[in-house]
Amino acid sequence: MTADSSKNERYNAREAETRWQHVWDERGIYATKNDDPRPKYYVLEMFPYPSGRIHMGHVRNYTMGDVVARYKRAMGNAVLHPMGWDAFGMPAENAAIDRKVHPKEWTYANIATMKKQLQSMGLSLDWAREIATCNPSYYKHQQKMFLDFLKAGLVERKQSKVNWDPVDHTVLANEQVIDGRGWRSGAVVEQRELTQWFFKISDYSEELLTALDTLDRWPDKVRLMQKNWIGRSEGLLLRFMLDPGTAPNKETELEIFTTRADTLFGAKFMALAPDHPLAQAAAAKNPKLAAFIEQCRHMGTSQAAIDTAEKLGFDTGIKALHPFDPTWKLPVYVANFILMDYGTGAIFGCPAHDQRDLDFVNTYGLGNTPVVCPPGQDSKTFVITTTPYDGDGRMINSRFLDGMTNEEAKEAVAKRLERETRGNRPVAQRQVNYRLRDWGISRQRYWGCPIPIVHCNKCGVVGVPEKDLPVTLPEDVNFDKPGNPLDRHPTWKNVKCPKCAASARRETDTMDTFVDSSWYFARFTDPWNEKSPTTPAAVNAWLPVDQYIGGIEHAILHLLYSRFFTRAMHKTGHTGMDEPFAGLFTQGMVVHETYRSKSGDWVEPANVKIDGIGDARHATLATTGEPLEIGSIEKMSKSKKNTIDPDDIIAAYGADTARWFMLSDSPPERDVIWTEEGVQGAWRFVQRLWRMVGEIADVSGPSTRPTEFGPQSQKVRKAAHGALSHVSDDIAKLRFNRCVAHIYEFANALSDAIGEAETAPAPDLAWALRESGDILVRLFHPMMPHLAEECWAALGHKTLVATEAWPALEPDLLVENTITLPVQVNGKKRADVTVARDAGKADIEAAVLALDAVIKALDGKRPKKVIVVPQRIVNVVA
RNA sequence: GCGGACGUGGCGGAAUGGUAGACGCAAGGGACUUAAAAUCCCUUGGGAGUAAUCCCGUCCCGGUUCGAGUCCGGGCGUCCGCACCA
């Protein structure tokens with residue numbers, strides 16, 4: 001076959017891509033109808049925050065979703081594949097402060113830019129369903145649901161802490177607290193108590209936990225992370241008597257929660273959260289304690305900040321009496337690592353078996369007594385110094401518990417104390433506790449969904465009547481001063497009470513942006529409904545999302561909140577199901593090498609020249625030749641300047657090349673390293689496919705399928721159907737990198753076949769080559785849709801490949817008559833044996849023992865055993 | 001600190017407990033070309049040997065197994081999340 005072809009000019013990606021995008025657009029082939037009778041498939045990628053421009057992480061995420069969407073369409077499904085904007089959030093306010101641009105203007109400009117960028121990627125999205133969460137047409141429904149949740153008892157107001165910047169007089173997000181100081185002012189942050197709105201997600205702790213078992217298409221690691229986050233623990237509520245003379249206001253007891261009642265005889269101290277009522281009472285009479293509690297307030301509110309801070313305490317002078325020995329007095333401390341939110345805000349400390357407690361006693365010289373002896377340890381010599389023992393074992397130093405296992409001891413303690421009563425209550429009660437806290441949704445910020453509440457002096461908290469929704473954000477705001485512009489707006493918050501018409505104030509807090517993203521997937525099913533958040537027929541037909549794809553960083557919060565919100569919507573009649581996402585896939589990040597100059601400045605990859613290989617690799621500044629340090633491979637970020645702009649890549653190579661490369665190198669759940677060589681490899685493959693298809697297009701095959709295929713045709717057909725089988729399987733399981741490898745293998749086999757063919761191949765081969773071409777194009781279409789359309793047309797088809805069915809597999813072609821099995825001797829491979837596909841074990845064994853290599857390895861001895869694993873391997877045990 | 005993951009050639013990676021290194025990249029050699037680009041062909045984990053072939057190799061140390069990259073225990077290293085970033 002000659003290489004001369006009318007189609008051997010290079011593929012012009014840029015020209016072809018915009019051309020095909022117009023064709024798809026004009027024919028509206030990606031618009032989804034809610035009355036489509038075919039089996040539904042809802043594929044969704046986590047919608048982006050409109051930060052300015054799309055980044056490579058978006059390209060990776062949306063390409064994966066698009067592959068699934070296109071594959072499912074080809075498989076005959078009605079596919080819902082929408083896109084929108086998670087458009088509220090702090091960066092818009094930061095832009096307003098830093099650049100004097102209104103958050104709304106900034107956000108919509110970003111949306112316009114990013115929409116254009118996404119469109120240039122050739123994604124098969126139904127843009128008619130586009131939503132932006134900052135649009136009142138979206139958030140008015142969210143306000144309606146807030147009020148419905150309120151009526152259903154799913155919302156409450158309570159106190160909680162925020163990071164307070166005492167200089168800027170503003171609430172800070174955890175990410176705005178750097179080393180305990182405000183990011184703009186540099187002032188040491190304080191904790192402040194505010195009355196805030198909460199969704200009662202903790203009502204669903206058990207339900208959210210047990211239902212994880214039903215999510216069998218979620219990654220195990222995400223389910224495990226959620227399980228640990230919910231943190232169910234079975235323990236004991238236990239009332240300690242206080243030594244009467246020591247209590248500040250004649251308090252008689254202190255109630256604690258423990259999961260380690262077995263270690264009660266190892267107790268060395270009691271500890272209270274700084275906010276605990278008893279701590280507060282003691283502080284009122286002790287200025288030094290009050291000062292200590294004040295000091296605890298100068299700590300960030302994040303868990304990591306609390307856990308990594310030095311364990312500090314203050315002895316209140318109060319003594320608690322041991323439940324099994326009233327003469328045993330334990331000192332009561334206030335400690336900075338005890339949380340008021342968890343359990344009762346008080347604990348007993350057993351330093352020998354808990355790291356935090358041990359750190360604490362080592363600071364305050366309270367000592368420790370081991371009470372659980374690890375198996376195999378001598379109880380007489382077992383001591384604890386710097387590492388506590390938190391495993392199971394036998395009880396020691398524990399009076400009546402001695403000799404029991406620690407699990408038996410837990411039971412014994414519980415049984416004894418729950419029978420004892422003081423007042424009308426038992427001294428101890430078994431209790432199931434959860435780490436999961438209620439979801440605080442109040443934010444003291446402008447750019448978020450207003451909470452539809454009016455505060456009236458007479459009527460209290462009043463919901464805004466439905467007819468007055470949406471409560472829209474005022475646009476005439478300024479960001480000259482720190483703090484919430486809604487709060488200092490001259491008129492916006494002044495309203496009449498909906499109940500009594502007296503002067504009242506609007507709630508000026510807005511909602512956490514996680515609320516916006518907790519139901520957008522439901523809104524996509526009918527974004528045109530102006531009357532209510534969802535349309536039952538649509539939402540119940542489309543949900544749950546069949547395949548949800550997004551970053552692992554959302555493994556806990558976004559996904560857990562959405563699971564709760566869907567249940568809350570169910571309870572209030574907005575959905576008919578509990579779980580929003582039947583299938584979940586979490587993809588890895590896009591990372592890139594970093595480069596630094598001698599002076600420590602980061603350098604963009606575009607300005608770096610790399611020479612040498614392996615250890616000899618070195619980098620220089622392209623312009624001056626100044627040597628650069630090659631740094632670690634890190635998540636692309638503006639601060640490290642290791643970003644690649646998708647626009648540049650699409651302009652230089654086209655969207656298909658970028659899409660292909662994003663899928664090709666790494667397993668999708670793992671990080672992928674962006675390299676220039678990798679992109680060029682993808683680009684060469686695009687051109688190679690185009691040339692190959694051109695050569696196949698020149699072959700004129702018979703119009704009807706031949707009845708017989710010769711060896712050459714058989715070989716290429718096996719390659720085609722083998723690839724079809726693998727690629728189908730790989731896409732269905734989202735193993736895109738393997739899918740790419742199989743397409744490469746098929747392309748290699750096909751170019752061999754083309755190379756071996758005569759100028760005018762026999763009809764059976766010509767037919768097989770054309771069949772292979774048709775299969776090849778449809779196989780890579782989900783990944784490179786523009787190139788696929790161009791190739792499909794080049795092969796003479798008048799249809800769009802985007803609307804074509806997936807190729808039909810001929811399974812007979814995958815079956816071989818003989819198989820070659822590897823032969824091991826003592827687990828090491830020594831030879832191969834080729835046998836009939838259906839050969840019995842005895843036949844295989846005989847064939848194996850006759851092999852020269854086996855005879856030599858056995859050296860005349862009889863084999864002890866021959867293990868034949870059907871279709872797999874033979875192992876001779878000598 | 002707590003929770004979760006990951007670790008295989010020069011590089012990204014492949015491998016239902018069953019031939020370690022598919023496929024791609026990079027590198028080296030060759031063909032074509034006045035030359036270059038592009039393209040095509042060959043080689044490519046390390047070591048020994050003319051060769052057939054053999055030995056060593058999946059972060060480290062142990063264990064289970066006929067057989068371990070894969071399972072179990074203990075280390076080391078890297079990364080992610082931690083409730084007001086999205």
Side-chain angles (χ1 to χ4, degrees), chain A residues 3 10 46 48-49 51 86 88-91 162-163 171-177 196 201 219 221-222 224-225 227-229 231 301-309 311 337 341 355-356 359 435-445 512-514 517 551-558 560-561 588-589 591 613-617 632 634-635 661 664-667 669-673 675 677-678 680-682 684-685 687-688 691 737-738 740-745 748 751 755 820-832 853 864-867 869 872-878:
Chain A
R10 283 169 79 75
M46 292 179 185
Y49 178 77
S51 56
D86 189 12
F88 275 135
M90 288 207 310
V162 294
N163 297 305
V171 176
L172 299 175
N174 283 335
E175 68 154 14
Q176 296 173 322
V177 178
Q196 311 211 60
I201 189 172
K221 64 174 173 183
V222 175
L224 184 58
M225 285 160 89
K227 179 177 176 235
N228 290 334
W229 186 260
T301 57
S302 78
Q303 192 65 51
I306 292 163
D307 287 347
T308 54
K311 309 280 175 292
F337 60 96
D341 295 325
Q355 184 71 58
R356 288 170 307 178
D359 292 347
R435 209 181 69 99
L436 181 64
R437 309 200 296 254
D438 279 332
W439 174 12
I441 61 154
S442 294
R443 297 292 181 271
Q444 295 69 42
R445 304 186 200 292
D512 177 9
T513 57
F514 271 125
S517 56
I552 185 70
E553 67 274 19
H554 293 294
I556 297 173
L557 294 180
H558 162 60
L560 195 60
Y561 290 154
M589 296 182 299
V591 297
I613 53 162
D615 290 344
R617 256 175 111 249
S632 57
E634 298 192 47
K635 179 177 179 171
F661 176 56
S664 64
D665 253 24
S666 291
E669 68 278 10
R670 239 190 268 179
D671 290 352
V672 62
I673 304 180
T675 61
E677 293 79 13
Q680 281 174 5
R684 280 198 297 273
F685 189 59
Q687 295 297 342
R688 188 170 156 222
R691 281 194 306 275
N737 59 322
R738 290 205 264 174
V740 163
H742 284 122
I743 289 174
Y744 270 115
E745 272 180 340
N748 291 344
S751 31
T820 300
L821 294 173
V823 176
Q824 295 181 330
V825 178
N826 291 331
K828 287 197 176 184
K829 197 216 161 185
R830 296 296 173 192
D832 291 300
K864 284 193 190 122
K865 202 169 11 164
V866 179
I867 295 158
V869 184
R872 272 285 162 196
I873 201 166
V874 182
N875 191 12
V876 179
V877 185

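Quick note on labels: first sequence line is chain A, next is B, and so on, each numbered from 1. Heavy atoms only: backbone and side chains are in, while hydrogens, waters and symmetry mates are out.
- B:rC6 and B:rA15 have their P atoms separated by 14 Å, with the value rounded to a whole Å.
- The salt bridge (Lys or Arg N to Asp or Glu O under 4.0 Å) check on A:Asp307 picks up nothing, with sequence neighbours excluded.
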Shorter than 3.5 Å, N or O on both sides, protein versus nucleotides 35-39 of chain B: list them out with atom names.
unit_1 : atom_1 : unit_2   : atom_2 : d
B:rU39 : O3'    : A:Arg691 : NH2    : 3.3

Protein-nucleotides 44-48 of chain B N/O pairs under 3.5 Å:
none

Extract from the structure each pairing of a protein N or O with an N or O of nucleotides 51-54 of chain B at less than 3.5 Å, listing the distance.
unit_1 : atom_1 : unit_2   : atom_2 : d
B:rC54 : OP1    : A:Arg830 : NH1    : 3.4

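- Straight-line distance between the C1' atoms of B:rG49 and B:rC55: roughly 11 Å, to the nearest whole Å.
- With sequence neighbours excluded, the residues that form a salt bridge (Lys or Arg N to Asp or Glu O under 4.0 Å) with A:Arg443 are A:Asp512.
- Rounding to the nearest 0.5 angstrom, the gap separating the CD atom in A:Gln303 from the CG atom in A:Asp341 is 9.0 Å.
- Across the protein-nucleic acid pair, A:Phe661 atom CZ and B:rC25 atom P stand 11 Å apart, rounded to whole Å.
- Across the C1' atoms, B:rA5 and B:rC11 are found 22 Å apart, a figure rounded to whole Å.
- Judged by distance alone, the side chain of A:Thr513 and the main-chain N or O of A:Phe88 form no donor-acceptor pair under 3.5 Å.
- In the model, A:Asn174 has a side-chain atom that pairs as donor or acceptor with a side-chain atom of A:Thr301 under 3.5 Å.
- With sequence neighbours excluded, the residues that form a side-chain contact (heavy atoms from CB on, under 4.5 Å) with A:Pro48 are A:His58, A:Tyr62, A:Met83, A:Trp85, A:Met114.
- Phosphate contact (OP1/OP2 of B:rC23, side-chain N/O of A:Asn748, threshold under 4.0 Å): absent.
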Pairs: protein N or O with nucleotides 56-59 of chain B N or O, under 3.5 Å:
unit_1 : atom_1 : unit_2   : atom_2 : d
B:rC56 : OP2    : A:Lys828 : NZ     : 3.0

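- A 3.5 Å limit on both hydrogen-bonding distances identifies B:rC56 as the Watson-Crick or G-U partner of B:rG45.
- With sequence neighbours left out, A:Lys227 forms a salt bridge (Lys or Arg N to Asp or Glu O under 4.0 Å) with no residue at all.
- Across all strands, A:Gly440 comes closer than 4.0 Å only to sugar-phosphate atoms, never to a base (heavy-atom distances).
- The ring pair (Phe, Tyr, Trp, His ring centres under 6.0 Å) test applied to A:Phe337 returns A:Phe360, not counting sequence neighbours.
- To the nearest angstrom, C1' of B:rC82 lies 10 Å from CD1 of A:Ile306.
- For the P atoms, the distance from B:rA22 to B:rU44 is 11 Å, rounded to whole Å.
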Between the protein and nucleotides 77-81 of chain B, list every N/O to N/O distance that falls short of 3.5 Å.
none

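- B:rG3 is paired with B:rC80 under the criterion used here, namely a Watson-Crick or G-U wobble arrangement in which both key atom distances are under 3.5 Å.
- Looking at A:Arg670, its side chain has no donor and acceptor atom pair within 3.5 Å of the base of B:rC6.
- A donor-acceptor contact under 3.5 Å is not formed by the side chain of A:Gln176 with the base of B:rC84.
- In this model, the phosphate group of B:rG24 is not approached by any side-chain N or O of A:Asn737 to a distance below 4.0 Å at OP1 or OP2.
- Of the candidate nucleotides B:rA83, B:rA5, B:rG13, B:rA5 has the atom lying nearest to any side-chain atom of A:Lys221.
- Looking at heavy-atom distances under 4.0 Å, A:Ser442 makes contact with a base.
- When each of B:rG12, B:rU19, B:rA83 is scored by its nearest atom to the side-chain atoms of A:Asp832, the top-ranked nucleotide is B:rU19.
- Between B:rC40 and B:rG46, the distance separating the two P atoms is 26 Å to the nearest Å.
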remark   = Protein heavy-atom contacts under 4.0 Å, written 5' to 3' over nucleotides 61-70 of chain B as B (base), S (sugar-phosphate only) or - (none), form the string -----BS---

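- Regarding A:Arg738, its CZ atom lies at a distance of 14 Å from the P atom of B:rG13, rounded to whole Å.
- Aromatic ring pairs are classed by plane angle as parallel below 30°, tilted from 30° to 60° and perpendicular above 60°; the pair A:His558 and A:Phe514 is parallel.
- Straight-line distance from the CZ atom of A:Arg437 to the P atom of B:rC2: 18 Å, rounded to whole Å.
- With both ends at atom P, the span from B:rG62 to B:rU70 equals 14 Å, rounded to whole Å.
- The aromatic rings of A:Tyr744 and A:Phe685 sit tilted, their planes meeting at an angle between 30° and 60°.
- A:Asp438 pairs by the salt bridge (Lys or Arg N to Asp or Glu O under 4.0 Å) definition with A:Lys158, not counting sequence neighbours.
- A close approach under 4.0 Å does not occur between any side-chain nitrogen or oxygen of A:Ser664 and OP1 or OP2 of B:rG24.
- Of the C1' atoms belonging to B:rG45 and B:rU58, the separation is 11 Å, rounded to the nearest Å.
- Across all strands shown, B:rA51 forms no Watson-Crick or G-U wobble pair with both distances under 3.5 Å.
- Spacing of P atoms, B:rG7 relative to B:rG13, comes out at 9 Å, to the nearest Å.
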